[in-house]
Amino acid sequence: DGLVLMIDIENTVSSDTLEKIVDHFIPEISLGLSKLESLRSKRMQFKAILAGGNLVSSKTIRGTNLPISTIILQPFSYDVVKKVVDTYFPNYTLDAKHTLAAHVFFSTWGHPGCIEEIFKLIKNNGAVGDAFFEANRKELRQVVLSEARDALQGFPKQDDNLSKALQNLM
C-alpha cells in the first residue's frame, strides 16, 4: 500500500524548474507526509514518479540524493499491439485482430499516441481490415505526421540541419 505522486514533465521544462521539483517540491511533500501515522509506521510508502523524455540525462536527476530508478520506455512491439487489439476489439475474429494489429504496427511502428488515435478512427468508422486502411490512408498518415510534429516540438533547436532534415521527411 502506498501513496504515489506522478509528475509528467514536458521535454521543454527548464533545468531550474526541474531542480525545484526534484530538490524542493518532492522532498517537501515527503516531509509533510512523513507526519502521517501510516507512513511513519511504514504501513504505507510514498513514491514520486517523474515521467518525461530526457530526464535520465539531466544534471538534476543525476545529481539528486533521492533514490532514483530508471525505466526507459520503448515503442510497443507487434505482440503488445496485438494484445491491445484483443482487449479493445474483443468481438473481432482472430484473423481480423491479426490484420488490424499488423496494419497498426506497420503504420505507427508501435508509437502509443498514434495507436490510440488510429483506434479512435476505427471505433468511429466501425470498420477494419485492408479496405479500411486503404480508404483512410491519408487520414492515417495525418495521425502519424501530427504525432511526429508534436515530438519535433520538443527537439533541441541547436541542430538546424537535423531539424531541416526531419521537416523534409514530413
Side-chain angles (χ1 to χ4, degrees), residues 2 4-18 21-22 26 47-62 64 66 68-170:
V4 176
L5 169 66
M6 180 153 185
I7 302 171
D8 189 2
I9 297 177
E10 294 183 22
N11 290 338
T12 57
V13 70
S14 71
S15 297
D16 186 49
T17 301
L18 183 59
I21 291 169
V22 171
I26 293 173
K47 291 184 180 184
I49 298 173
L50 294 176
N54 297 315
L55 292 176
V56 174
S57 62
S58 77
K59 279 184 182 179
T60 302
I61 297 299
R62 288 192 322 254
T64 185
L66 296 175
I68 300 285
S69 296
T70 302
I71 301 171
I72 298 175
L73 302 179
Q74 299 175 350
F76 294 160
S77 66
Y78 170 82
D79 292 334
V80 172
V81 174
K82 173 64 172 59
K83 286 178 186 173
V84 174
V85 167
D86 290 343
T87 301
Y88 282 90
F89 302 97
N91 297 329
Y92 286 14
T93 66
L94 183 60
D95 285 345
K97 289 177 184 178
H98 279 291
T99 299
L100 175 56
H103 275 294
V104 169
F105 183 68
F106 178 77
S107 300
T108 66
W109 286 100
H111 187 281
C114 293
I115 292 169
E116 178 183 10
E117 292 302 315
I118 289 175
F119 282 180
K120 286 178 188 175
L121 286 174
I122 292 167
K123 287 230 181 215
N124 290 338
N125 284 317
V128 72
D130 296 334
F132 170 81
F133 282 87
E134 188 61 37
N136 294 285
R137 182 184 302 192
K138 287 182 181 177
E139 194 169 357
L140 295 168
R141 186 171 190 272
Q142 286 305 321
V143 165
V144 174
L145 288 177
S146 175
E147 289 292 330
R149 281 187 200 102
D150 289 349
L152 188 59
Q153 295 303 317
F155 236 83
K157 302 294 184 221
Q158 298 93 334
D159 192 343
D160 283 340
N161 291 331
L162 177 61
S163 293
K164 286 176 187 173
L166 291 171
Q167 287 289 345
N168 288 334
L169 288 174
M170 292 189 253

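The model shown is predicted, which means the values in this text are computed figures rather than measured ones.
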Visitor: Do Glu116 and Tyr88 make a side-chain contact, defined as non-hydrogen atoms from C-beta onward lying under 4.5 Å apart?
Guide: no
Visitor: I need the minimum non-hydrogen distance between Val143 and Cys114, along with the two atoms involved.
Guide: CG1-O, 3.9 Å
Visitor: Quick one: closest heavy-atom pair of Phe89 and Ile122, and the distance?
Guide: CE2-CG2, 3.7 Å
Visitor: Quick check for you: to the nearest 0.5 Å, what is the distance between Phe132 atom CZ and Leu121 atom CG?
Guide: 5.5 Å
Visitor: Do we see a donor-acceptor contact under 3.5 Å between the side chains of Tyr78 and His98?
Guide: yes
Visitor: Just grab all the side-chain hydrogen bond (donor to acceptor under 3.5 Å, both in side chains) pairs involving residues 127-140, residues at least two apart or on different chains.
Guide: His103-Asp130, Glu134-Arg137
Visitor: Is the closest basic N to carboxylate O distance between Asp86 and Lys82 below 4.0 Å?
Guide: yes
Visitor: Decide side chain to side chain contact (heavy atoms under 4.5 Å, CB included) for Asp79 and Phe105; before the verdict, give the C-alpha distance in whole Å, the side-chain angles of both, and the deciding distance to 0.1 Å.
Guide: CA-CA 9 Å; Asp79 292 334; Phe105 183 68; over 6 Å; no
Visitor: Can any side-chain N or O of Thr64 pair as donor or acceptor with the backbone N or O of Thr60 at less than 3.5 Å?
Guide: no
Visitor: With sequence neighbours left out, write down each residue that passes side-chain hydrogen bond (donor to acceptor under 3.5 Å, both in side chains) with Lys120, or none if nothing qualifies.
Guide: Glu117
Visitor: Do Val81 and Phe106 touch side chain to side chain, with heavy atoms closer than 4.5 Å?
Guide: no
Visitor: Check whether any side-chain heavy atom of Thr99 sits under 4.5 Å from a side-chain heavy atom of Tyr92, and report yes or no.
Guide: no
Visitor: Report the C-alpha distance between Val104 and Ser107 in whole Å, list the side-chain angles of each, state the deciding distance to 0.1 Å, and finish with yes or no for side chain to side chain contact (heavy atoms under 4.5 Å, CB included).
Guide: CA-CA 5 Å; Val104 169; Ser107 300; 5.8 Å; no
Visitor: Are the side chains of Phe119 and Val85 in contact, using a 4.5 Å heavy-atom criterion?
Guide: yes
Visitor: Distance from Leu50 atom CG to Ile61 atom CD1, nearest 0.5 Å?
Guide: 5.5 Å
